[in-house]
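No experiment lies behind these values; they were computed from the predicted model shown. Atom set for the values below is all heavy atoms of this structure, side chains included, hydrogens, waters and symmetry mates excluded. To find a chain, count down the sequence lines: A is the first, B the second, and so on, and within it residues start at 1.
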Amino acid sequence: MTDITHASPGRPNSILAPDDRTRRRNAAEARFRLYGILAIGVAILALIFLLTSVVRNGAGAFTQTYISLEVALPADKLDKNGNRDPAEMAKVSTFGYKPLIKAAIQDAMAAQGIAIDGLKKPESLVSEDAAAQIRNYVLAHPEVIGGSRTFDMLASGRIDGFYKGRVTMQSAERDSNVSPEQLRLADALKEAGLVETRFNWNFILWPDASENRPEAAGLGVAIIGSLYMMFVVLALALPIGVAASIYLEEFAPRNWFTDLIEVNISNLAAVPSIVYGILGLALFINFGGLPQSAPIVGGLVLSLMTLPRIIIPARAAIQAVPPSIREAALGVGASKMQTVFHHVLPLAAPGILTGLIIGLAQALGETAPLLLIGMVAFVRDFPAAPPEGLFDPATALPVQIYNWTQRSDPAFVERASGAIIVLLVFLIVMNAVAIVLRRRFERRW
Amino acid sequence: MSFVKLTASTLAIAAVSAGAALARDNIQIKGSSTVLPYATIVAEAFGENFDFPTPVVEGGGSGAGRKALCEGVGENTIDIANSSSRIKPSDIELCASNGVADVMEVRIGYDGIVFASDIDGAEFAFTPADWYNAIAAQVMVDGKLVANPNKTWADVNPALPAQDILAFIPGTKHGTREVFDVKVLEAGCAATGAAEALGDENECLKLRTDGASVDIDGDYTETLARLDANPQAVGVFGLSFYENNTDKLRVATMDGVVPSTESIATGEYPVSRPLYFYVKLAHLGVIPGLQEYIDFFVSDEIAGPDGPLAEYGLVSDPELAATQAMVAAGGTPMAPLN
């Protein structure tokens, strides 16, 4: 009755035609959805922009140009007395091998009939690294002295850049490190089949190189250093973190002290990582006397940083195991300890592992604390096998990226982007493992 | 495997190898990021040609390197500090208070500081006075000190292009900034007569704060990136950085002189500085290869005018022979600073 009197004429109260208020609510919802789509769109665009710029800059790091030349190894230069004494042969430094490379490239030009007007310093087509490569070979195989041998040598950074589109004839005219004539020589050698571009295993396997040979720089030491640190984090943070979360969840009494610990763990998880670096410098290096730049110190610092990030998900995983399981175990006569280790822990393991892997992935990408403990260094020697190797100097993947972005030769920009790709691949693999573990072993109650 | 056992064995391994690792066999170097590329080139060649491990070289700045050098004597302290400015009396005091009695100073050569703009932009020919009038807080106009009114380089000097003033200069933590302050700003301050009017030398170093001069605290790569984004701007670089990026940068002359290793060696180009490294003498004979590394660094093959350092942009020291003799004699502790 009242409904009919309330309904004003011209505004039928139909459920088919929405009234003003419904329309406003529907519009608000549509707007909200649009904002959501926009937000996700912006995020996806930013991700695409980041990935394309990294891949465009960095893909070149995975290929490398080589020049293969026959190098004459005259005995009068490399072993003056002719007695093949290793100590005497080692006296000829890499500077003594440079003229051989110059002669080799001139020989190759003569053999192929290449003549280029105004060509200066043809030997700078070949990397500075080649002298060391030939010297090491000669010292290891003294019998080649007096003959000649074909070496596959790295092309210098600018020549390599020419075949990757980073260096052009126009830019070479203004470049003090390469001339258009040298690029034409490279093209002529390529036509003769002496210049070749291949997949660059050196980028993954070789150590860092100095500023005047970007073509020889690799990630080997950084990858080993990162692996050693992850090993230390795994060996320390996993047992301590799991033990702490089991004790706090299953055994500890609830009182103000455990509450305080709980608040502290949550707080520590949010402390900026550089703070852990300062702590590590003071505690492990200045007080503990551990060496600078060593993966053990990096691992200890990252363990401290990762611990709260492992304890929080581990506690959540233990909490998620239903109390009925504990009660059943206790009911059939298991002790508290047996209940935890035979029943609760196996059921919580997938959650703990997921938290651990994500914590490790975070630690792998961490740079700031490593800056303070001397891991941002130029390290060329591979650390020894563990455990001694944990105390040898090394770098880590993220600090190697930081290092390369600061170098002046533009070829290092490509190397840095390539290193970002390697780091991203590591992180994607680790996160994928975490997701697979969760999918496969997680149980819902 | 119980967690307790795992932890215990890890700690045991760590304890055992800590004893083994105490005898350090590699040289450790830290300091100026300007000297860093030269030091890495030498370290690499040293590792290739000698049976010693390749030295570990760290950046971090001249001041940080000298401070680390003066932290004390022993395996856990560095052996060599690279520095793009001379050691300060305060550093020597710190050294003395930490038991680092003798430090040897080795000058490796000279480094030029260049002013460069985008390769496709206009050409610049500066004098220190132009720079002072462009970026100082107070300048002389008609014989009176006024707050800097100059908007474009043409306002400063009609011979310069009529581009807005935008300069990227090294931040105050850089050793490069010290040279810029002394050789450019103070020289310009004196040349324009502002030094007399201001009275205090430190007043000369006050820069305008309206955004025409931007301090860059990062490396030269950051300055280059800023220049890419602002092709109208002028940046301050090290000579070696410029030599590696001649396809992107157009260098400006200073007092009519084009910066090059030659013009810096002869002293014609005014904005240059010596580069040093400092060796802790107490570590000589203790750290294997330290003496050999120092000898190798200053040898003609490396630091001479045809060596790899000169090729990278270092201006070779004309008095290198004297340095070689000093180093070969086992090193003399440096004379007191005056």
Side-chain angles (χ1 to χ4, degrees), chain A residues 90 93-95 128 131-132 135-136 167 170-178 207-213 232 235-236 238-240 242-243 285-286 288-294 296 371 374-381 386-393 403 405-410 412-413, chain B residues 2-4 6-7 10-11 13-14 16-18 20-22 24 26 28-30 33 36-45 47-49 51 53-60 71 75-76 78 119 218-221 224 238 240-248 301-302 307-308 311-313:
Chain A
S93 70
T94 46
F95 300 100
E128 302 264 333
R135 181 173 181 268
N136 288 342
V167 175
Q170 287 81 6
S171 77
E173 264 170 36
R174 310 194 277 207
D175 199 323
S176 61
N177 290 313
V178 69
D208 193 8
S210 73
E211 306 237 2
N212 60 3
R213 46 177 96 159
V232 174
L236 289 178
L238 176 66
I240 296 176
V242 172
I285 294 182
N286 291 346
L290 287 170
Q292 291 254 350
S293 317
I296 181 86
L371 300 182
M375 292 200 79
V376 192
F378 173 74
V379 183
R380 236 176 106 72
D381 288 339
E388 288 84 17
L390 295 177
F391 295 85
D392 289 342
N403 244 342
T405 53
Q406 293 180 324
R407 304 243 175 121
S408 55
D409 194 307
F412 278 110
V413 175
Chain B
S2 87
F3 294 127
V4 183
L6 189 68
T7 319
T10 316
L11 289 178
I13 291 170
V16 168
S17 25
L22 273 180
R24 173 155 67 84
N26 58 334
Q28 292 200 335
I29 305 166
K30 185 179 164 83
S33 47
L36 180 68
Y38 303 118
T40 56
I41 290 170
V42 179
E44 185 174 61
E48 278 166 6
N49 286 311
D51 280 336
T54 307
V56 173
V57 194
E58 236 187 290
E71 243 166 31
E75 304 270 341
N76 281 324
I78 61 167
I119 183 86
D219 288 79
Y220 296 135
T221 43
L224 180 65
S240 58
F241 187 90
Y242 162 71
E243 299 250 309
N244 271 292
N245 290 280
T246 44
D247 55 331
K248 299 192 195 76
E301 268 178 345
I302 292 283
E311 199 180 310
Y312 189 76

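Only the side chain of Tyr312(B) has a heavy atom closer than 4.5 Å to any heavy atom of chain A. With a threshold of 4.5 angstrom between heavy atoms, Asp247(B) approaches chain A through its backbone and through its side chain. Contacts of Ala172(A) with chain B are absent, with no heavy-atom separation under 4.5 Å from either backbone or side chain. Heavy atoms of Gln28(B) lying under 4.5 Å from chain A belong exclusively to its side chain. Using a 4.5 Å cut-off between heavy atoms, Ser293(A) contacts chain B through its side chain alone, with no backbone atom that close. Within the 4.5 angstrom heavy-atom criterion, only side-chain atoms of Lys248(B), from C-beta onward, approach chain A.
Per-residue counts of heavy-atom pairs under 4.5 Å with chain A were compared for Asn26(B), Val57(B), Ile119(B), Ile302(B); the largest is that of Val57(B). Options Asn49(B), Thr54(B), Asn245(B) differ in how many heavy-atom pairs under 4.5 Å they form with chain A, and the most are formed by Asn49(B). Looking only at heavy-atom pairs under 4.5 Å with chain A, the residue among Leu224(B), Leu36(B), Thr221(B) that has the most is Thr221(B). For the set Glu173(A), Gln170(A), Gln292(A), Arg213(A), the entry with the most heavy-atom pairs within less than 4.5 Å of chain B is Arg213(A). With respect to chain B, the highest number of heavy-atom pairs below 4.5 Å among Val376(A), Val379(A), Val167(A), Asn403(A) belongs to Val376(A).
In terms of heavy-atom proximity, Ile41(B) sits nearest to Glu211(A) at CG1-N, 4.4 Å. Minimum heavy-atom separation, Glu44(B) to Ser210(A): OE1-OG, 2.6 Å.
Between the side chain of Glu48(B) and the backbone N or O of Ala132(A), no donor-acceptor pair lies under 3.5 Å.
Using a 4.5 Å heavy-atom cutoff, the side chains of Asn244(B) and Asn177(A) are in contact. At a threshold of 4.5 Å between non-hydrogen side-chain atoms, the residues Ser33(B) and Gln406(A) do not count as touching.
Interatomic distance, Asn212(A) CG to Thr40(B) OG1, rounded to the nearest 0.5 Å: 7.5 Å. Put simply, CZ on Arg407(A) and CG on Asp219(B) are 11.0 Å apart, with the number rounded to the nearest 0.5 Å.
Listed by chain and number, the residues in a salt bridge (charged side-chain N to carboxylate O under 4.0 Å, His left out) with Asp409(A) are Arg158(A) (sequence neighbours excluded). Listed by chain and residue number, nothing satisfies the salt bridge (charged side-chain N to carboxylate O under 4.0 Å, His left out) test with Arg135(A) (two or more places apart in sequence, or in another chain).
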